[in-house]
Amino acid sequence: MLRVAVVRFPGSNCDWDTYHAVAGAGADARFVWHRDTDLQQAEVVILPGGFSYGDYLRSGAIARFSPVMQAVQKHAAAGGAVLGICNGFQILCEAQLLPGALVRNDRLTFVSRPVWVRVERTDTFCTSAYTRGTEMRIPVAHGDGCYVADDDTLRLLEAEGRVVLRYTRGENPNGSVADIAGVCNPAGTVVGFMPHPERYADPVTGSDVGAGFFRSIAAWLPGGTARSTT
Amino acid sequence: MTYRVHIRVVPRAGLLDPQGQAVEHALAALGFEGAGDVRIGRAIELAIDARSADAAEASAREMCERLLANPVTEDYSLVVEA
Amino acid sequence: MTYRVHIRVVPRAGLLDPQGQAVEHALAALGFEGAGDVRIGRAIELAIDARSADAAEASAREMCERLLANPVTEDYSLVVEA
Amino acid sequence: MTAAAPVTRASSFPGERPVTLDVVREHNLTASEFDRIVAMLGRTPTLTELGVFSALWSEHCSYKHSKPVLKRFPTTGPQVVQGPGENAGVLRLPNGWAVAFKIESHNHPSAVEPYQGAATGVGGILRDVFTMGARPVAVLNSLRFGPLSEPRNRYLFAGVVRGVGDYGNCIGVPTLGGEVGFAEGYSGNPLVNAMCVGILRESDLATARAHGVGNVLLNVGAKTGRDGIHGASFASEELSEKSEARRPQVQVGDPFTEKLLLEASLELITSKLIVAIQDMGAAGLTSSSAEMAARGGVGVEIDTGLVPTREAGMTPYEILLSESQERMLVVAEPHQVAAIQAVCRKWELDATPIGHVTDDGLFRVKHHGLTVAEIPGQPLVDDCPVYTPNAREGAAAIARRKARPRRAARVDADEALEALLDTPSIASKRWVYEQYDSTVQASTVLGPGGDAGVLRVATEPFALAVSVDCNNRLVGLDPYEGGKATVAEAARNVACTGAEPLGITDCLNFGNPEKPEVFFQFREACRGISDACVAFGTPVTGGNVSFYNESPTGAVDPTPTVGMVGLLRRAEDRVPSHFRAVGDRIVIVGSSEGAMGGSAYWAELCDFIGGAAPRVDLEHETRLQQFLVAAAAARLLRSAHDCSEGGLAVALAEAAIGGPYADRGFGAVADLRTYAPALSAIEALYGEDQGRVVLSVAPAALPGLRAMLTRHGLQGYLAGEVRAPGGELEIVLPEGVHRWPVDRLRAVYDDAIPRRMRGISTDRPEA
Ligand SMILES: Nc1ncnc2c1ncn2[C@@H]1O[C@H](COP(=O)(O)OP(=O)(O)O)[C@@H](O)[C@H]1O
Ligand SMILES: [Mg+2]
């Protein structure tokens, strides 16, 4: 069974949701406390959503100095898979494991609603269950979700196909440049995005279109290439 | 003349400043010793067209009173540059 | 010695500042004429125990580089007071 | 009264002012209340003691004007695990689970500082629920403001919504529903009521009853500052220019610390490390320690010198009365202290021993050893004088019920629907609830935008439905019928989703109870609530009274908000409120006499609030609820929507407009020619008769539905059908056909609040 570490920072609040979605997809989910530096030999590390350290100063700015982040950096440097969802994405940007930054929504208010996103890349460890171009509605819930990066970075992201998720159908909820909802590192092993697929992983919550992200993870072959499960 | 005004709006003394507290802890955890009493507020910069520096300052003060600072929870201070 | 450090962290020029824009509109709606180019950032104040003002400033700069400002989106400036 | 010998001993804290009658008055205590205190102590109280009394004998803590009325609420039932008296009420659910819930007001703090006032209101109610050992799973909010045409009201509205959102969002508790109303009477005194719902294993239920002589009191959580000193007595006086000046220093919320406190508290409770726990809410350390001791029939001794403070030099008076947020008082056996501190340390919190349980029944406070207060504990909490003010209905109120509008509506019958959908009280509240995280915890079955929020419980098959309601216009017109209507609407909202109403919590927002017409409203509204709760079998498990909601222009509309919790046996049976499929039949249950009294039509379009309030037939309401629950369980319903403000036309329009994220609304036709043949168009369309719902039903389910209606002694009226998206809402009346393009209705409904709030700074007051 593929082992997945879900990191809990003080202020994480999607930790259990993510844990259940991972376990529900058939992977071996483990919590790792932010003060631990042992990732329990996890093949995939997930930084879940929430308000680590209250999102004080800047979202993710304080969490990135947590002891566990050294282990995450090492894991990522060795080619290990890391997924940041919402606050996790913010932490990955602050830690410079992903380029760019997430700043306050252009509407200046928190936004909580389902939005349309398109899967732009399916050869990563967490998107292989989808076909390229799949559009689905997934909840977002954030105050600082506006993705920004300098022009060179943006050009590079587009040229290398590193935009993993994009807002579509005119539903960019936060002013993100180029409708970017999620990006990855050059190898596609570190991924971050704002939408919360774990909230749409069970039909009783209205939809289970997000379950594919977790099925992708559970079916991932570390070291090998991602295989399609659809 | 156009003046550049720098305004600083900070939580009033005695009021809890959770953000300042969190940053204080983070600085300590990063090994910065001797840092304390952290308060976090807003820095506002703007350009004001006015006849004199005094006029610019008066105008900026009024902006603070009416819009930029919350009189219940915040104090402000400002500097006018030519 | 304890030094008081005032830090100003503002969105990098060229970056969109929706909050600054909103305030600019609100000022215009309140009838403030000649106010423009509003930028909004964070004001951070803290006390630093250091041997000299230079040491306090060096320490504060390092805090900004490592934690207080995001190098991707923000610029900072600081003033040290005795 | 003169006393022979002091009953207890305490010394003034150095520098404290002597207690004079002026000082007594400043503390909001009357001369006779002061006499009672002197008699109880056998001496003049110290200033510290006076502060303690003023807090515990404030309206907010003592319920001195409401107790006798509240005693008449039904509070028992087979489902009740914990009735009123603890931090929150608790009801039994299947499979060993229970639900804890409570609602509370934060009106006065929000009037002064809307953002922090609302945020700390949410923080307080969350603590009430997790101190019961329950994990908060939903927040709801009920809000009232003056009209949005006033800049100050827009600022208050924006700030309150942001405050509610920021706190709940950060903690990670979904805000699943609420209501917002706007009326002149709330200008200057907005209402901010927050409700929290939590889930627990019944076996983990915690209490706030101190016991065990020698047990240790621990202060857990944030440090104590000078914030909100005298908040409880502040909440117990009218807002005036003067209160602006003497307002307590604003309390600032720290949801991050609260999240840590939540996790630590639940860990302490479920690992059975503690004896009792209570949050430090109104009147902070004073009320938490005195109330916990009184409940357990023991004494307590605390040393305020041991309480961690944020500022140097705080006096025992300040420490006792501070309302700094995110603090808990825990009682534990001495040998558990180290283990408790270890749990707290893990969550980055301090847990500091500050006192112990004693056997002398006294509430004793020391400061570094000096006894600054010593008061008999039970009388301190229980012997506040109780008042039963005069109750008399105002002549104006009686006249209003007999009156009719003096002028016609400013629009015709067709335009009226758009005008009503454009009314902020009726319009879509998306602008509000999109600022609230409504899907965190991944348990949201039905989010905001329908009749009630529905959430699943852990991995159980069942779910909970939650709603808060109050039709303040009806209560103002006829407090008894309005009280009934408020409970009925809450129950109907819950039942529309298919859930069986289980019990309520209430937040009674009224003006100054010393005014006979206000006390009349209060007493009668409570009688209405009681009667409805008895009829529905939904006991009152707790609540909150907020009096003195007055501004310089008078009392607010009486607003007894009811929070209802219901049980949906199978989550997947949940019934949404909007039309879902072309060809479905539209069925109306409940009849109409064209009740215009207190209607939104009269209020919004004729500027007239009056007429006879519609009578609530509790027997019919009960059958309607039971029918809705049974029909949902039998999967007969595609949608169910309650008829409330704006009447049948608004209910049909809302069902047709669709859910907030529907791509497009549906067309619909409803032929009312035989439903209400004798009514005028206005009465048929906009009358607000109680006890009505609009259903949509698959054609194949119609026979089953008919049988189900008959079984419950109800009549259904087959009015029409759901038509293709992009079409019209067509209502056929004896005098003609009315048509509205649904896309147009939807645009008006969606934009009503945003267009009024465009460009409003949520950060700071507008000038
Ligand atoms: N303050 C609020 N917070 C969250 N949701 C709200 C709020 N106000 C209204 N809503 C949601 O909007 C929907 C419609 O509210 P309302 O018009 O009051 O419903 P009804 O009249 O049917 O009770 C409900 O789902 C309600 O939960
Ligand atoms: Mg409504």
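Only this structure's heavy atoms are used, side chains among them; waters, hydrogens and symmetry mates stay out. Everything quoted here is computed from the prediction, not taken from an experiment. Lettering follows sequence order; numbering is per chain, from 1.
Proximity to chain C involves both the backbone and the side chain of B/E62, based on heavy atoms less than 4.5 angstrom apart.
Chain B forms more heavy-atom pairs under 4.5 Å with one residue of C/T2, C/D49, C/V10, C/V5 than with any other, namely C/D49.
Atoms CZ and CG, on C/R4 and B/D37 in that order, are 4.5 Å from each other to the nearest 0.5 Å. In this structure, the separation between CZ on B/R8 and CZ on C/R8 is 5.0 Å, given to the nearest 0.5 Å.
By the salt bridge (charged side-chain N to carboxylate O under 4.0 Å, His left out) test, C/D17 pairs with no residue at all, sequence neighbours left out.
Taking the side chain as every heavy atom from C-beta outward, C/I44 and B/R39 never approach each other to under 4.5 Å. The shortest side-chain heavy-atom distance between C/R42 and B/I40 falls under the 4.5 Å cut-off.
Residues of residues 63-72 of chain C having a heavy atom under 4.5 Å from any heavy atom of chain B, listed by number: C/M63, C/R66, C/L67, C/L68. Chain C is approached within less than 4.5 Å, heavy atom to heavy atom, by B/A26, B/L27, B/L30, B/F32, B/G34, B/A35 from residues 25-35 of chain B, ordered by number.
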Donor-acceptor list for residues 53-60 of chain B side chains, cut-off 3.5 Å, not counting sequence neighbours:
residue	atom	partner	partner atom	Å
B/E57	OE2	B/R61	NE	3.2
B/E57	OE2	B/R61	NH2	3.0

